[in-house]
Amino acid sequence: MSRFEHKRVLVLGGSRGIGAAIVRRFASEGAQVVFTYSGSEAAAHQLASETGSSAVRCDSADRDAVIAAVRDAGPLDVLVVNSGIALFGDALEQDPDAIDRLFAINIHAPYHASVEAARRMPEGGRIIVIGSVNGDRMPLPGMASYAVSKSALQGLARGLARDFGPRGITVNVVQPGPIDTDANPADGPMKDVMHSFMAIKRHGRPEEVAGMVAWLAGPEAGFVTGAMHTIDGAFGA
Ligand code: NDP
């Protein structure tokens, strides 16, 4: 398949988990893929050689580095912002610097990367950010900062869709529920609690999320923008 042949795709945070599945999906469909990573150098190099993509070290907490990475990889046909972290714990006890770092990675990076990508993005361009069903529903204590950050992406998509829509660029959020990755293993201690909220009582697979991202990036989705696309086994229903 070569749906994305000659398309330049940048995935922020592509070395592991959902991001790596997105890299594989675009590469398998012919795209020229660049992805960033922060700590997982060996995994990044392995993925790059496996897929023929390029790996660039860039900390998504560093705003100027993120903007430079987007600029250097462009002009982009598709930007996917996947890098994201979660913090768990008592809101009254959490380190404010750690919370601000989470906001930098989960909110500021998607915003600045999206704006920078749009500067040179051609008509038909696609901006896709990975949010979370926790942007809609947060059924447990201890993750308010994460929920804040994923709700913020909804405003990003609604607002930037208006800004870039006249140029034929779409802006969308993909909102996964529990997905089997290092961050949320399918056999982790919270699995039964999470599955109790769901109609399909299993973790999703990173490849399932990548499939939704690929559809949003493809030619059939040109009328889809400013929207949230939930893939969660009805966690949020
Ligand atoms: P993982 O922790 O398994 O992987 C995270 C990826 O993001 C890695 O490639 C990591 O790279 C990269 N990353 C993290 N921090 C940074 C940073 N500061 N700079 C650059 N890259 C970074 O997470 P998932 O695959 O599970 O999650 C991916 C996205 O999906 C996140 O936005 C997450 O919030 C969201 N999500 C995940 C769900 C789940 O259940 N798994 C559910 C809902 C949403 P490296 O290791 O090189 O630092």
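First listed ligand is number 1; within each ligand, the first listed atom is number 1.
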If you have a sec, work out which protein heavy atom is nearest [atom] and how many Å separate them, to one decimal?
atom                    : value
atom 33 (C) of ligand 1 : Tyr146 OH, 3.6 Å
atom 2 (O) of ligand 1  : Ala183 CB, 3.5 Å
atom 13 (N) of ligand 1 : Ser83 CB, 3.8 Å
atom 11 (O) of ligand 1 : Ser15 OG, 3.0 Å

Mind checking whether [X] has a heavy atom under 4.0 Å from ligand 1?
X      : result
Ala86  : no
Gly177 : yes
Cys58  : yes
Thr36  : no

Show me the side-chain donor-acceptor pairs of residues 91-103 shorter than 3.5 Å, one per line, residues at least two apart or across chains.
from	atom 1	to	atom 2	distance (Å)
Asp95	OD1	Asp97	N	2.9

From the options [options], select the one whose nearest heavy atom is closest to [atom].
atom                    : options                     : answer
atom 32 (O) of ligand 1 : Val11, Leu12, Asn82         : Asn82
atom 35 (C) of ligand 1 : Gly131, Gly84, Ala42        : Gly131
atom 10 (C) of ligand 1 : Glu41, Lys150, Arg16, Arg57 : Arg16

### Message
More than 12 heavy atoms of other residues, nucleotides or ligands under 6.0 Å from CZ of Phe164: yes or no?
### Response
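More than 12 within 6.0 Å, yes.
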With heavy atoms of [X] as the reference, note each atom of ligand 1 found under 4.0 Å away.
X      : result
Gly17  : 25 (O)
Ile105 : 18 (N)
Ser132 : 43 (C), 44 (C)
Gly39  : 45 (P), 47 (O), 48 (O)
Pro178 : 40 (O)

Donor-acceptor pairs under 3.5 Å, side chain of residues 77-84 to any protein atom, not counting sequence neighbours: which ones?
from	atom 1	to	atom 2	distance (Å)
Asp77	OD2	Arg8	N	2.8
Asn82	ND2	Gly13	O	2.7
Ser83	OG	Ser60	OG	2.8

### Task
Check Ser40 against ligand 1 and report side chain, backbone, both or neither, counting heavy atoms closer than 4.0 Å.
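Contact part for Ser40 vs ligand 1: both backbone and side chain.
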### Query
Arg25 versus Val213: any side-chain heavy-atom pair under 4.5 Å?
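No, every pair of side-chain atoms sits at 4.5 Å or beyond.
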Is there any N or O on [X] that sits under 3.5 Å from an N or O of ligand 1?
X      : value
Ser38  : yes
Asn184 : yes
Ile179 : yes
Ile18  : yes

### Task
Could you walk me through whether Gln154 and Gln175 pass side chain to side chain contact (heavy atoms under 4.5 Å, CB included), step by step?
CA-CA 10 Å; Gln154 301 181 345; Gln175 300 193 142; 2.8 Å; yes
